[in-house]
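Structure first, commentary second.
The analysis underlying the following values was restricted to heavy atoms, covering all of them including side chains, and did not include hydrogens, waters or symmetry mates.
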Amino acid sequence: MHEEAVDLLRSALRWRLTTQGWREVNLAVRTLAGSADVERYLPLLELAAPKRIATRVPDESGEPVDPTTPIPDAVRERVNELIHRLHAEPEPDAEPPDGQS
């Protein structure tokens with residue numbers, strides 16, 4: 001499960017979201033970071049992912065405007081910290097390396 005979480009977190013580094021979307025990602029990352037049960041809270045991050053259909057809002061001139069932004073620095077830092085932590089932690093049901101118990 002950690003590998004799935006790490007893959008999704010790495011994807012989040014490339015997402016473009018609205019301000020509200022980044023708030024949801026930030027909440028999901030904080031929740032994941034504060035929990036020992038990654039599997040339980042990973043759906044929060046999945047739900048915060050960008051939707052496949054994006055609506056572009058026109059500005060005053062009628063031209064579509066992209067209301068999304070790349071990941072904010074503070075959220076990027078939290079995501080990177082969580083990626084590193086999940087890599088360092090063994091999976092809950094992982095077998096110890098040969099010769100170790």
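- What you find for Ile71 and Ala12 is that their closest heavy atoms are CD1-O, 4.0 Å.
- Within the 3.5 Å criterion, the main-chain N or O of Thr31 finds no donor-acceptor partner in the side chain of Ser35.
- Across Pro43 and Glu39, no two heavy atoms sit closer than the pair CD-O, 3.5 Å.
- The nearest pair of heavy atoms linking Trp15 to Trp22 is O-CZ2, 3.3 Å.
- Residue pairs that meet the salt bridge (Lys or Arg N to Asp or Glu O under 4.0 Å) test with at least one member in residues 16-26, sequence neighbours left out, are Arg16-Asp66.
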request  = Go through Leu17 and Thr69 one step at a time and tell me if the side-chain contact (heavy atoms from CB on, under 4.5 Å) criterion holds.
outcome  = CA-CA 6 Å; Leu17 296 172; Thr69 61; over 6 Å; no
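- Scored by the side chain to side chain contact (heavy atoms under 4.5 Å, CB included) test, Ala28 finds Leu44, Leu45 as partners (sequence neighbours excluded).
- Atom CG of Leu9 and atom CD of Glu4 lie 10.5 Å apart (nearest 0.5 Å).
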Run the side-chain donor-acceptor check on residues 78-87: report pairs under 3.5 Å with partners two or more places apart or on a different chain.
| from | atom 1 | to | atom 2 | distance (Å) |
| --- | --- | --- | --- | --- |
| Arg78 | NH1 | Asn26 | OD1 | 2.9 |
| Arg78 | NH1 | Ala74 | O | 3.4 |
| Asn80 | ND2 | Arg76 | O | 3.3 |
| Arg85 | NE | Glu89 | OE2 | 2.9 |
| Arg85 | NH1 | Ala33 | O | 2.5 |
| His87 | NE2 | Arg10 | NH2 | 3.0 |

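- Both Leu13 and Val6 are assigned to one and the same hydrophobic cluster, defined by single-linkage of ILVMFWY side chains at heavy-atom distances under 4.5 Å.
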